[in-house]
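Data first, discussion second: the structure below is written as structure tokens.
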Amino acid sequence: MIYILNSDSLFHLATRRTSYVLGIYKKRWLSHYYWGLGIEPDSHAMEFVPAEPSAYEVTDDNTDKSFSLNRVPLEYPYGLAGDFRSPAFEAFSAGRAVLDLSVASWRVYAGRPELPGLPCACVNGAADVQTLEFTLADSLTSFEAILSYSVFEEADLIARNTTIRNTGSSPLDILSAYSFSVDLQLPGSGADRENLELLSLHGAWARERSIVRQAVKAGRVEIESVRGISGHFTSPNCAVVRPDTTERSGEAWAFALVYSGDWRIACERNEEGNYRIQGGLNPSTFAWCLEPGGSFVCPEALLTYSNEGLSGMSRNFHTMVLKHILPVAWASRPRPILINNWEATYFNFDEEKLLSIAKKAKELGVELFVVDDGWFGKRNDDSTSLGDWTIDEAKLPGGLSALADKVRGLGLLFGLWVEPEMVSPDSDLYRAHPDWCLHMEGRPRSESRNQLILDLTREEVRDEIVRRIVSVLSICRADYVKWDMNRPFSHAGSALLPPNDFYRRMYQKEIRHRYALGLYDIMRRITRALPDVLFEGCAGGGGRMDMGVLQYMPQYWTSDNTDAFARLAIQYGTSLFFPPVVMGNHVSAVPNHQTLRSTPIKARSLVAMSGNLGYELDPTRFSDEESQEIKSANAWYKAHRELIQFGRFLRLASPFEGNYSSWIFVSGDKRKALVFWFRVLSKVNHGRESILLNGLEENILYVVAIDGKPVRELSGSELMRRGLPLSPSRGDGEALCFELSAKD
Ligand code: GLA
């Protein structure tokens, strides 16, 4: 609900549990008054009283010396005019800096607007979505910023958008434009409010999304990507937390960008000990020339608050992803168990090999067979053929549709790997159109994995990609597609855009964002042309796993690292912002191809079953015992997949804190739950172990079973306070799964 109070100068955005309150300070500035646990909406008197300006501060216009903008919590701050914190944007209109933004008008309406060309949270029939929109204008230039706040009441989340308009008759040069900026106004004094930490996700290829907390003690901490993709190295999602915020309690103010290109999020502590958090397009790789009458739409930012620790924060994001981010058709549709041939064969396969894998997989209960890289052009290694999406007849002489039919004949769905955005220098596509890749005149065409990136800023390139990809997927009537993207940006220029003509008119600096818009255009067109196909995103594993891509691809290949123990951390970190159903997790062979570690099959299975289950190995090599184990695992997963894929997921023990990992899936009515528990290294004489559960109903009596056999009965309150006793066996790589069901 949005409440308008105090003669239209106070705006209270109320979600189920939280309040976000804005005011128009001094009848001019859109200011931030409060964001936290819900307060009564009739707090009409809420006001903001800034600290008096100190020596060495500046007053705004010399008529009112009672305050300095440096002390006002602003919602879209401009710099260089007395506020010494970081600005939310920098722009020049007809050569003049934009240095003023006052509220010109506002309105409230039901629902939310779509963002032209960009993904955003969708209403999807929810009756509780409302939007508050402010127009901020500069008195001297033709710059306008439209700030909109869409309140998703049920998810406890606010989607923020910023659109910049050029109302004048000369171009507006935008040098930076964040999607959001928040000046947190925390209660208390001193250490009560001056010791916040930034929690973010960091890593690398095959080591994505480790949780990092760092105190923001002075100045600014920034996390970002300049790689053209949201990144393995960091993730465009983060939270500002108290030092005592844990998984189960404490405060978190969290942010997620619905964007897949270069981004930055910054957390700054000012001289008062207050925090400014802002984020959006990365200013170091962005600029935009906005023509007269034009609008520039910044990517969407999702903001949520929790006083129930990180688990409350994750609940809000998971609800949001399931209800408002994923494509509706897949939001609650159970996902098939798949097998992918990549680690089984790499590039070395033929039809007979693929069909032998498919046949065995079918016997084990797998439902979808995916042909990974290597089926097209002359692709026997990664040096060739990207862009030439025609079947390699040396490997698959019968053609793609014949292979697909044979796979379907076995009773499996058929899926295919593609990498639509790329071109190999050794390809017919590149030989025909050498200027179709991103490049800079006179500079090297720097390769990564022997490939170049197609220039998605160009319409004819996008049209040709869509044509080729839709055609190949239609020929084989693919049920599933793995959409890969295997290199970061470098020397990224476009032959079509004009060169930079002056230090402020940096057309070539528009490329990264234009690419992202081009990417969304081809994703939209291809997924709309093939509405029944299940798409899985991938960028060398989880390199572009973000809220933007998830709008088109309801699942994502979480990491190229398939080692079960490495995956504990990767999946745990990923779950902070994304629900398990979007995580593609595969059981792979031992020794693992990335770590050379051997892990028991049960642990490999349970780790992969903690989300969207798949396999990435050659099942024809299974022993009879392993086959039996996998067959029962698949049957068990099918029986519980609804709960795993769409139940509530809560983390119980963190792999970042030691030897143990644990999580729980709880059904909506809390009458069923599954507890997964993992111990990496065996401990001798370690005393009695237990795990404290979470998310259950206190007064339900649960029957706890292992492998279908009841072992004890305990109430929800006991399980959440005394814990669930464990009796693990000895040996490294121990994994347990407990099934809880309410006793009638
Ligand atoms: C990337 C993906 C892998 C696999 C290979 C194929 O690395 O992440 O899963 O598809 O490409 O080349």
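Ligands are counted one by one from 1 in listed order, and the atoms in each one are counted from 1 as well.
- Not less than 6.0 angstrom separates the ring centroid of Y556 from the ring centroid of F578.
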Between W417 and Y480, is a ring pair (Phe, Tyr, Trp, His ring centres under 6.0 Å) present by the stated rule, with each step listed? CA-CA 9 Å; W417 178 97; Y480 160 104; over 10 Å; no
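- Considering backbone and side-chain N/O atoms, G541 comes within less than 3.5 Å of an N/O atom of ligand 1.
- Ion pair D463/R525 flagged as a salt bridge, since at least one NZ, NE, NH1 or NH2 atom sits closer than 4.0 Å to an Asp/Glu carboxylate oxygen.
- Residue-ligand proximity: E616 is placed with every non-hydrogen atom at 4.0 Å or more from ligand 1.
- In terms of polar-atom proximity, defined here as any N/O pair under 3.5 Å, D372 does make such a contact with ligand 1.
- Contacts of R449 with ligand 1, taken as heavy-atom pairs under 4.0 Å, involve the side chain alone.
- Stacking of R567 on the aromatic ring of W557 is recorded, both the 6.0 Å distance cut-off and the 45° axial limit being met.
- A salt bridge links R458 with D435; the closest basic N to acidic carboxylate O contact falls under 4.0 Å.
- Nearest non-hydrogen protein atom to atom 9 (O) of ligand 1 is K482 NZ, 2.7 Å.
- Here the heavy atom of the protein found nearest to atom 7 (O) of ligand 1 is D560 OD2, 3.0 Å.
- Nearest to atom 2 (C) of ligand 1 among the protein's heavy atoms is D484 OD2, 3.0 Å.
- For R408 and D479, the salt-bridge test passes: some basic side-chain N is under 4.0 Å from an acidic carboxylate O.
- No N or O atom of R379 sits closer than 3.5 Å to an N or O atom of ligand 1.
- Using a 4.0 Å cut-off to heavy atoms of C538, the atoms of ligand 1 that qualify are 2 (C), 8 (O).
- In N486, the part holding a heavy atom less than 4.0 Å from any atom of ligand 1 is the side chain.
- Of the candidates Y346, W342, F347, it is W342 that places a heavy atom closest to atom 5 (C) of ligand 1.
- Formation of a donor-acceptor pair under 3.5 Å by the R445 side chain with backbone atoms of R443 is not found in this model.
- A donor-acceptor pair is defined here as one N or O able to donate and one able to accept, closer than 3.5 Å; such a pair exists between the side chain of S424 and the backbone of S385.
- Of all protein heavy atoms, the one closest to atom 12 (O) of ligand 1 is D373 OD2, 2.6 Å.
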